[in-house]
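Lettering of chains follows the sequences in order, A, B, ..., and the numbering in each one begins at 1.
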Amino acid sequence: MQYKEYKGLNYAEVADEVLEFWKENDVFQKSIETREGKPTFTFYEGPPSANGTPGIHHVMARTVKDIFCRYKTLQGFQVKRKGGWDTHGLPVELQVEKELGITKEDIGKKISVEEYNQRCRETVMKFKGEWDDLTQKMGYWVDLDDPYVTFDRNYMESLWYLLKKFFDKGLLYKGYTIQPYSPAAGTGLSSHELNQPGTYRDVKDTSVTAQFRKEGTENEFFLAWTTTPWTLAANSALAIGEKIDYVKVRTYNQYTHEEIFVVLAKDRVSAYFSKDAEGLDFDGYKKDGKKIPYEILEEFKGKDIVGQKYEQLLPYVKPDGPAFEVIPGDFVTTEDGTGIVHVSATFGADDQRVCQQAGMSPILVKDEEGNDAPIVDKQGRYVKEITDFAGMYVKNEYYPDGEAPDKSLDVQIAIKLKEENRAFKVEKYEHSYPHCWRTDKPVLYYPLDSWFIKTTALKDRLVKLNNTINWKPKSTGVGRFGNWLENLVDWNLSRSRYWGTPLPIWVTEDRAELKCIGSIAELKEEVAKSVEAGFMNEQIGDDFDLHRPYVDDVVLVSENGKKMFREPDLIDVWFDSGAMPYAQWHYPFENKDIFDANYPADFIAEGVDQTRGWFFTLHAIAGLLFDKVAFKNVIANGLVLDKNGNKMSKRLGNAINPFETLSKYGPDATRWYMIANANPWDNLKFNLDGVVEVQRRFLGTLQNTYSFFALYANLDSFNYKEGDIPVENRTESDRWILSKLNSLIKAVDAAYEDYEPTKAARLIQDFTIDDLSNWYVRLNRKRFWRGEYNDDKRAAYQTLYKCLETIAKLSSPIAPFYMDRLYQDLNAVSGLDNAISVHLTDFPVADEAVINVDLEERMALAQTISSLVHSLRKKDTIKVRQPLSKILLPVLNDKFKRQVQSVEDLILSEVNIKKIEFIDDESGVLVKNVKPNFRKLGKEYGPKMKEISAKINQFKPEEVAELEDKNELTLALKDGPITITLEDVEITYQDIPGWSVATEGRVTVALDITLTEDLKKEGIARDLVNRVQNLRKDMGLEVQDKIKINIEKNTDLVNAALEANREYICQETQALSLDISETVVDGNLLEMDEHRLKVKIEA
RNA sequence: GGGCUUAUAGCUCAGCUGGUUAGAGCGCUACACUGAUAAUGUAGAGGUCCGAGGUUCGAGUCCCCGUAAGCCCA
């Protein structure tokens, strides 16, 4: 049997063929089945949404996922990968609305909820085919036959189970969140609606800079500015920026002319006070509001005043808890206002958040049902508790036509504050403000009911659990995610939509009784009771759909016999995906054993944009309900940008089509490029040139090396059936490359283990290109094609085979198709492994006994020395084919000499030199260079380094000699003498006078360029061999074909050269004879430097 | 506005705990090699290590403040 030989390999075709092979032989399934009973490695697939087409960034994300699943499989773990689809949510709804040409308004009117949801169900899998296609073509192994689907009834039942668990733990509650709200339309607005063009308009509002009196002072105030004075009655706190500088200013109120002390940001002083008035005589102030004197008394940071208390500005409604403190707010700026922000927990989203974090209470009243309510009702009017202004609309626009008062509420409040010495400044202010697209009237930020998961209750636990997760990169875990947890707010689950998982909570009309349903069985039980109570006509069916509108029709009966209706909300789709560890197995209703064995995940990977999405919801549900992490290792990968670093977008036309890329360059080069080029967590500037380079440089070199191996191994029928030649019996270079190979195995294994795929890929390609191809193969070429099939040849084949096979195995997680082909091509002949695919083998284990650091060191020396000689030859323009007699090598120490000697032959043949002459001190010709060892001396002498370094650099040869002799030398420094030893300096040989030398690091080489007659002759012989080889090739001869050479008589030198090297020439060119004739007819004229030879070759 | 990331040769990236000539590949230029040959080798040119401060005997590396780009959040 022969190794397969290729003429030009098309990597994309290889991938297609290998894919076919995988399918025919169920390789993926086998990779899981053959690990039955082995320890499991659990991977969770973050579900993509199939209502859009996949992009090149999905290839990136999925390559990362695939690599570690394959790697762990090779390591012997059983790695199940259940695929999944994210199917609910707004994007699906919007797409359907676009297709149907309707808006949310039309649902329930032009189209029933039932029909609408049916359309969503159909649309959501629209591009499933393309996704499946991509999955296969890129070689992403994931179980597509039995994926989890978030709209599936079983999946949703598990969600209900989890929600009920939250409910039972008291972690699911109804609260409010601040959302854009249109009182005129009586409805909340989505951010989508707010982003409509024309929504934001410039309006002039009455703005007030109010004075909040510091507790315990007579006339010291915090200044805070607002464009919505009506919210001042709901003030809960004042927010400052902790890093912002603030000042305390003495001045007068411009309306009451009373002396006051005010606090505001330093940067805002100039906006409130005119520079001319600074330092004016206070006593001379005329109380006319003009030229009000002021002086800055104190300056401090925002964080210094956090926690200070002040008096309520408009004390109509008392808070039910702590309030009226200075708190930190991350949104505070000094762009406008005073740098102190009035915060109302009921009328601002930021406000609510910082109040919650700082424990400040909202200003609330009780509505008719006794529930908490804000001080503005749903129509936009002040409630009766605001006695002075009860019933007034907070915006004049809300009044019916012609009924609006002259003085708006904002103005009236401003007047009141002025009178009470609480207004520092009142003015009209023009700014951009959102308006309702339906009513054209201003939007309010208003608290609306929502259901929450009380994530804050277990914040500390979530933080602790997070610290046990291995994040790649670490900064995303401690920074982006860690900070997010530190500033956690409760998770708002409510969505007012149609296509999603309904909240399984039923409530009586007086809201006195609540029921949370945790399973379909439970729902049936409750429905049975309801049927009995006469609220429902019949039991729900066995195939009851948990979606709207069906669940909305279910009316339950409370303990007290009252009707219960479902809360109309759907839950956040992020809950869907965060619940996948449980719901994908329909836990706890089925598959408890599978769930237990696969929880938590060992590994997940997704884009860094999922940090607060999927990563968080997984973590929150696991932490809150199960007190566990949901995943132990996580890679948060970056974005895929275009080659200029811009975001890819279909609109700009710079998006890369993944299918085109895969079919043109093949998945292996694409995947390898993505992984090798940048760490997954850095953004990738995707450049197709880079893919081409990978193809050529890495895959090409590897394939070349294989072809080289296959060519000769086939000629010698090498099939690795003869048993390994012991490593110690192999040549120095064999043992070297094997040592490197085993070091590589260790390093690559460690890189994968540490979730560093980029490191692994770079290690492999460096080894392949530099060590294996450019050094080992190049130096050992002749061993493969010259002479008979003996032990030395066999050793060479075995060595190269092992290298290729190991590269295939190590690389297979990253480049699964090509590496499988390479592996199969090798293994098909040798049968060393009992496996049909590389993905069914075991990950290589390094043989420590073969790793030889000293050997690796000395080969590095050989490479350095060869490189130096090459550069010298180049300098003197002496080509490598011309042999030279010797090089001189100054000996640094015994170890150096020993190491060079053991690789002497390699160097000599590589650079075509006859011998190496070692020279040492004794010769007296060497010029030494002394350099201080900064690292060592610096640790000891620190500040004296400059002086020491100067002294050492000025050493005379006698001083160096003394140091080398006695191993110590005293330096006289300003502060007294110090003693240094040989270890404190680095001595190198810099020059050999009279020779052409080259130096790299500590190695110096001199080249003897004298050409003797014998050397010249040998050079001619080598040139001839070279030309003859070319002729052979031109004639189309095979490597093993024999020839006869006939050369026309030439100059004495050439003739002598041929005679002297006859044997060598014949051996190299596979010539049976070499004749020198008086004349040669039909010969080729060969030009070799100044020589011209007429040569005829016959097969 | 906040958090996080990135910034080193024309391009893509290395540069470990600070140690004195800042590296590699691609590209470019020149030369060499020629039974791996649509390969390969050697050399050269090419760097205010984003900017400004600071710590230190010594900073690409540590600290602070900025700038630019990206992401998430507001």
Side-chain angles (χ1 to χ4, degrees), chain A residues 8 241 243 329-335 349-350 353 473 475-484 486-487 607-613 636 638-639 641 643-647 673 676-679 681-685 687 689-690 692-694 696-698 700-701 703-712 758-759 762 765-766 769-770 773-775 777-778 781-782 784-786 866-875 877-881 910 931-939 941-949 1001 1025-1030 1032-1033 1037-1040 1068-1070:
Chain A
K243 291 181 195 162
D330 50 26
F331 51 85
V332 179
T333 71
T334 53
E335 298 285 304
D350 270 336
R353 179 170 53 87
S475 59
T476 300
V478 297
R480 192 180 276 224
F481 195 67
N483 290 338
W484 161 249
E486 289 295 339
N487 295 310
V608 68
D609 53 334
Q610 294 294 331
T611 306
R612 290 166 187 196
L639 265 69
L641 308 169
K643 63 180 175 186
N644 299 318
N646 299 316
K647 210 175 159 173
Y673 163 74
N677 196 60
N679 281 313
W681 39 87
D682 290 331
N683 288 346
L684 174 68
K685 290 181 198 162
N687 190 342
D689 294 345
V692 174
E693 190 185 323
V694 162
R696 201 171 52 79
R697 201 171 138 69
F698 173 58
T701 302
Q703 180 58 22
N704 257 330
T705 308
Y706 167 79
S707 303
F708 174 83
F709 167 83
L711 175 65
Y712 296 110
T758 305
K759 257 187 202 161
R762 287 174 180 174
Q765 74 183 26
D766 286 350
I769 297 167
D770 296 335
S773 172
N774 289 350
W775 192 251
V777 172
R778 195 154 54 81
R781 258 160 33 193
K782 287 192 176 148
F784 290 88
W785 59 271
R786 192 165 60 185
S866 301
S867 155
L868 289 170
V869 176
H870 277 304
S871 88
L872 286 170
R873 274 182 173 276
K874 149 110 177 142
K875 202 158 75 185
T877 53
I878 302 172
K879 56 188 173 188
V880 180
R881 261 203 305 272
E910 169 67 9
K931 253 171 54 178
N933 182 341
F934 280 93
R935 192 184 276 266
K936 186 161 183 303
L937 285 168
K939 289 235 156 55
Y941 298 108
K944 297 179 184 165
M945 274 311 291
K946 274 220 167 96
E947 202 182 350
I948 295 172
S949 145
V1025 167
N1026 163 240
R1027 302 302 194 275
V1028 171
Q1029 301 287 35
N1030 285 344
R1032 283 185 55 120
K1033 233 169 105 181
L1037 295 180
E1038 291 299 318
V1039 174
Q1040 67 276 25
E1068 292 292 314
T1069 60
Q1070 309 262 9

Nearest nucleotide by nearest heavy atom, which residue falls closer to the 5' end of RNA chain B, A:R762 or A:F708? A:R762

Return whichever of A:N483 or A:T611 has its heavy-atom-nearest nucleotide of RNA chain B closer to the 5' end. A:N483

In whole Å, measure the gap between the [atom1] atoms of [N] and [M] for me.
N: B:G44; M: B:U48; atom1: C1'; value: 23 Å
N: B:C50; M: B:G15; atom1: P; value: 15 Å
N: B:U12; M: B:G47; atom1: C1'; value: 16 Å
N: B:C64; M: B:G54; atom1: C1'; value: 7 Å
N: B:U5; M: B:A14; atom1: P; value: 15 Å
N: B:G18; M: B:G58; atom1: C1'; value: 8 Å
N: B:U21; M: B:G60; atom1: C1'; value: 15 Å
N: B:G23; M: B:G46; atom1: C1'; value: 14 Å

With a 4.5 Å limit on heavy-atom distance, are the side chains of A:P932 and A:Y941 in contact?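 No, every pair of side-chain atoms sits at 4.5 Å or beyond.
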
Applying a 4.0 Å non-hydrogen cut-off, can you work out what [X] is touching in the nucleic acid: base, sugar-phosphate, or nothing?
X: A:R1027; answer: nothing
X: A:K936; answer: nothing
X: A:G690; answer: nothing
X: A:K944; answer: nothing
X: A:A678; answer: sugar-phosphate
X: A:Q1029; answer: base
X: A:N679; answer: sugar-phosphate
X: A:N704; answer: base

Check the distance between [N]'s [atom2] and [X]'s [atom1] and give it to me in whole angstrom.
X: A:H870; N: B:A30; atom1: NE2; atom2: P; answer: 21 Å
X: A:Y673; N: B:C11; atom1: OH; atom2: C1'; answer: 10 Å
X: A:Q703; N: B:U40; atom1: CD; atom2: P; answer: 14 Å
X: A:W484; N: B:G2; atom1: CH2; atom2: P; answer: 18 Å
X: A:L684; N: B:U12; atom1: CG; atom2: P; answer: 11 Å
X: A:M945; N: B:A59; atom1: CE; atom2: P; answer: 13 Å
X: A:Q610; N: B:C73; atom1: CD; atom2: P; answer: 10 Å
X: A:F784; N: B:A36; atom1: CZ; atom2: P; answer: 11 Å

Under 4.0 angstrom between [X] side-chain N/O and [N] OP1 or OP2:
X: A:R480; N: B:C73; value: no
X: A:N933; N: B:G19; value: no
X: A:K685; N: B:U12; value: yes
X: A:R781; N: B:A36; value: yes
X: A:T476; N: B:C72; value: no

N/O donor-acceptor pair under 3.5 Å between [X] side chain and [Y] backbone:
X: A:R353; Y: A:A349; answer: no
X: A:T1069; Y: A:Q1029; answer: no
X: A:Y673; Y: A:E693; answer: no

Return the nucleotide paired to [N]: Watson-Crick means purine N1 to pyrimidine N3 with N6-O4 or O6-N4, wobble means G-U with N1-O2 and O6-N3, both under 3.5 Å.
N: B:A14; answer: none
N: B:U56; answer: none
N: B:A74; answer: none

Between [options], spot the one nearest the side chain of [X], thanks.
X: A:N774; options: B:A36, B:U40, B:C4; result: B:U40
X: A:R778; options: B:U5, B:G41, B:C71; result: B:G41
X: A:R696; options: B:A14, B:A39, B:C72; result: B:A39
X: A:R935; options: B:C72, B:U12, B:U17; result: B:U17
X: A:R612; options: B:G58, B:A36, B:C72; result: B:C72
X: A:S867; options: B:A43, B:G58, B:C71; result: B:A43

Minimum heavy-atom distance A:P473-A:A636, with the two atoms named: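 Answer, listing the atom of A:P473 first, then A:A636: CD-O, 3.9 Å.
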
So which atom in A:R762 and which in A:A676 form the shortest heavy-atom distance, rounded to 0.1 Å?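 Answer, listing the atom of A:R762 first, then A:A676: NE-O, 2.9 Å.
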
Base B:A36 to side chain A:S773, donor-acceptor N/O within 3.5 Å cut-off: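 Indeed there is one.
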
Start with the C-alpha distance between A:F708 and A:V777, add both sets of side-chain angles, then the distance that settles side-chain contact (heavy atoms from CB on, under 4.5 Å), and finish with yes or no. CA-CA 9 Å; A:F708 174 83; A:V777 172; 3.8 Å; yes

I would like to know whether A:R697 and A:Q765 meet side-chain contact (heavy atoms from CB on, under 4.5 Å); could you show each step before the answer? CA-CA 9 Å; A:R697 201 171 138 69; A:Q765 74 183 26; 6.0 Å; no

